[in-house]
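Please read the structure below before turning to the comments.
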Amino acid sequence: MLSSSQEQKIWNALNGFNIEIPSWGFANTGTRFGKFVQLTAATTIDEKLSDAGEVHKYTGCCPSVAVHVLWDFAKGKQSVAEVNEAAARHGVRVGAINPNVFQDQIYKHGSLGNPDPEIRAAALGHLLDSVEIAKQTGSRDISLWFGDGSNFPGTANIRHRKQWFIEGLKETHAHMTPNQRLLVEYKPFEPTFYHTDIADWGMALLMARASGPQARVLVDTGHHYQAQNIEQIVAWLLSENMLAGFHFNDRRYADDDLTLGSIDPYQVFRIFNEIALFEFETGKRADLAYMIDQSHNLKNKVEEMIQTATTAQELMAKASLVDHESLLEHQRKCNLIDAEECLKSAFAEDVRPAIEQWRKSKGLDINPMRAFRESGYLTRTAAERGERHRNAVSSYA
Ligand code: PSV
Ligand code: MN
């Protein structure tokens with residue numbers, strides 16, 4: 001049974017916690033071996049925003065949606081004003097703007113790191129278009145991930161590419177308004193497998209620093225080697241005031257995009273704990289964008305996002321229960337067992353009843369998944385969208 005002061009801590013944590021969902025999490029996706037099509041999957045940006053609106057309606061903690069420029073603002077399809085209007089109609093708003101300089105044929109050997117100046121200029125053009133879109137959507141964050149790298153030793157000039165990246169990022173930074181942020185994401189491998197231009201947090205940090213004062217590092221939890229201590233990276237970036245936020249997902253092997261907390265919930269808890277400890281010690285709120293980067297093709301996409309958002313709330317609530325006063329004292333005295341138990345006992349608490357009470361206070365159903373299932377939304381969308389997908393399935397056969 002939680003004490004009333006513990007319940008209060010959980011409520012405070014939940015009141016200050018929103019997590020952004022990705023538009024690409026609602027479309028039919030697959031692996032490089034094929035797609036398993038879902039009849040309820042979204043195709044248009046309007047459908048994606050409608051699905052996102054459902055997640056927010058039942059969880060109350062997902063008011064914004066990250067969008068991918070190429071997938072959601074394809075030329076001639078929908079204007080930015082129409083996307084803004086659709087988001088508002090579905091009860092959400094557009095969040096981080098994600099340029100796409102990894103899919104087009106011209107990017108076979110990279111984008112900002114490409115040896116061909118014309119291709120670098122095309123990539124820069126797309127980044128600048130994305131900054132303009134962000135101005136029109138009122139988005140603070142332009143979130144950059146590059147697939148750039150090489151597959152074979154000796155084939156790319158690593159130092160030249162680093163310099164070209166710095167030039168492109170500086171130019172992009174120069175076009176932002178003073179309240180916007182440039183987020184630099186790193187990833188050790190995939191799609192390239194010998195070298196990746198921005199492969200780890202140190203490289204992302206150098207790139208962000210070289211870009212300008214409004215650039216920060218984005219940590220995607222799936223973008224690390226197996227044994228890496230992600231919470232240490234988080235603590236270091238926080239202490240440098242260089243952490244922008246997260247792309248949350250879980251992983252077993254590489255960038256698996258499994259559901260947050262499905263493999264190692266204690267790791268997510270430890271990340272949240274580092275943030276809570278930073279806030280406790282500094283008395284400042286960490287200005288972070290919490291985002292989900294998952295795209296599922298086996299679980300239902302809307303249900304999976306609800307499951308992820310509620311799991312994030314639970315782990316964040318547990319982290320809010322760590323007794324930081326005692327933890328700091330134990331750390332100072334090197335009381336190893338007692339310090340560790342501070343974390344373990346908070347992690348072991350059942351926070352779900354307190355979260356249910358918080359939901360009640362917000363006029364939400366205490367069980368978002370059940371409420372969503374009872375709403376009949378999936379039956380409706382299967383009827384509306386199913387035919388299109390059934391045709392797609394037969395065309396694969
Ligand atoms: C790349 O693996 C990545 O994490 C980037 O954030 C992309 O924008 C996203 O996934 C696309 O799914
Ligand atoms: Mn990501």
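For reference, positions follow the sequence shown, starting with 1.
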Hey, do the aromatic rings of Tyr107 and Phe146 have their centres closer than 6.0 Å? no

Can a donor-acceptor pair be found between the side chains of Asn179 and Thr177 at a distance below 3.5 Å? yes

Could Asp46 and Arg89 be called an ion pair, given the rule that one side-chain N must be under 4.0 Å from one carboxylate O? yes

Does the side chain of Asn367 reach to within under 4.5 Å of the side chain of Met369, using non-hydrogen atoms? yes

Once salt bridge (charged side-chain N to carboxylate O under 4.0 Å, His left out) is applied, do any residues pair with Asp350, and if so which ones, sequence neighbours excluded? Arg352

Is Leu127 reachable from Met176 through a run of hydrophobic residues whose side-chain heavy atoms are each under 4.5 Å from the next? yes

Give the ring-plane orientation class for Trp145 versus His223, where under 30° counts as parallel, over 60° as perpendicular and anything between as tilted. tilted

His330 backbone acceptor or donor facing Asp338 side chain under 3.5 Å: no

Taking atom types as modelled and ignoring hydrogens, do the side chains of Thr29 and Asn297 form a donor-acceptor contact shorter than 3.5 angstrom? no

Between Asp220 and Lys187, is the salt bridge (charged side-chain N to carboxylate O under 4.0 Å, His left out) condition met? List the steps. CA-CA 8 Å; Asp220 182 317; Lys187 179 170 173 171; over 6 Å; no

Residues two or more places apart in sequence or in another chain: which of them pass ring pair (Phe, Tyr, Trp, His ring centres under 6.0 Å) with Tyr377? Phe372

Step by step, would you call Thr381 with Val302 a side chain to side chain contact (heavy atoms under 4.5 Å, CB included)? CA-CA 11 Å; Thr381 51; Val302 181; over 6 Å; no

Presence of salt bridge, Glu47 and Arg388, under 4.0 angstrom: yes

Side-chain (Arg285) to main-chain (Gly16) donor-acceptor, under 3.5 angstrom: yes

Do Glu340 side-chain atoms and Asn335 backbone N/O form a donor-acceptor pair below 3.5 Å? no

Quiz question: by atom type and distance under 3.5 Å, do the side chains of Glu304 and Thr308 form a donor-acceptor pair? yes

In Å, rounded to the nearest 0.5 Å, how long is the span from CG of Asp323 to CG of Leu321? 10.0 Å

Pair Glu190, Arg32 - check salt bridge (charged side-chain N to carboxylate O under 4.0 Å, His left out), show working. CA-CA 12 Å; Glu190 195 202 25; Arg32 64 199 171 97; over 6 Å; no

Can Asn98 and Asn100 be said to form a side chain to side chain contact (heavy atoms under 4.5 Å, CB included), step by step? CA-CA 6 Å; Asn98 291 250; Asn100 184 319; over 6 Å; no

Salt bridge present between Glu329 and Arg332 (N-O < 4.0 angstrom): yes

With a 4.5 Å cut-off on side-chain heavy atoms, are Met316 and Ile19 touching? no

N/O donor-acceptor pair under 3.5 Å between Arg120 side chain and Pro115 backbone: yes

Which residue pairs pass the side chain to side chain donor-acceptor pair (under 3.5 Å) test with at least one member in residues 265-277, sequence neighbours excluded? Glu231-Arg270, Asn273-His324

Polar side-chain atom of Arg161 near backbone of Gly113 as donor-acceptor pair, under 3.5 Å: yes

Kindly say whether the aromatic ring centers of Tyr186 and His224 come within a distance under 6.0 Å. yes

Can you name the ring pair (Phe, Tyr, Trp, His ring centres under 6.0 Å) partners of His68, sequence neighbours left out? Trp24, Trp71, Phe102

Do Asp250 side-chain atoms and Asp264 backbone N/O form a donor-acceptor pair below 3.5 Å? yes

In this structure, are over 12 heavy atoms from other groups packed under 6.0 Å from Glu281 atom CD? yes

Say whether, by atom type as modelled, one donor and one acceptor occur between the side chain of Asp141 and the main chain of Ser143 under 3.5 angstrom. no

What's the verdict on side chain to side chain contact (heavy atoms under 4.5 Å, CB included) for Glu303 and Gln307, showing C-alpha distance, side-chain angles and the deciding distance? CA-CA 6 Å; Glu303 290 186 356; Gln307 185 186 31; over 6 Å; no

Has Glu118 got more than 12 heavy atoms of other residues, nucleotides or ligands less than 6.0 Å from its CD? no

Given the options Lys301, Arg385, Lys57, Asp51 meets salt bridge (Lys or Arg N to Asp or Glu O under 4.0 Å) only with Arg385

So does Cys62 get a backbone contact from the side chain of Glu20, meaning a donor-acceptor N/O pair under 3.5 Å? no

Asp287: partners by salt bridge (charged side-chain N to carboxylate O under 4.0 Å, His left out), with sequence neighbours left out: Arg140

Can a donor-acceptor pair be found, under 3.5 Å and without considering hydrogens, that links the side chain of Glu349 to the backbone of Leu2? no

For residues Val234 and Phe278, determine if any side-chain heavy atom of one lies less than 4.5 Å from a side-chain heavy atom of the other. no

Has the side chain of Asp148 got a donor or acceptor atom that lies under 3.5 Å from a matching backbone atom of Ser111? yes

Does any donor atom in the side chain of Thr137 or Asn84 lie under 3.5 Å from an acceptor atom in the other side chain? no

With sequence neighbours excluded, what pairs up with Lys9 under the salt bridge (charged side-chain N to carboxylate O under 4.0 Å, His left out) test? none

Quick check: do Val37 and Arg390 have side-chain heavy atoms less than 4.5 Å from each other? no

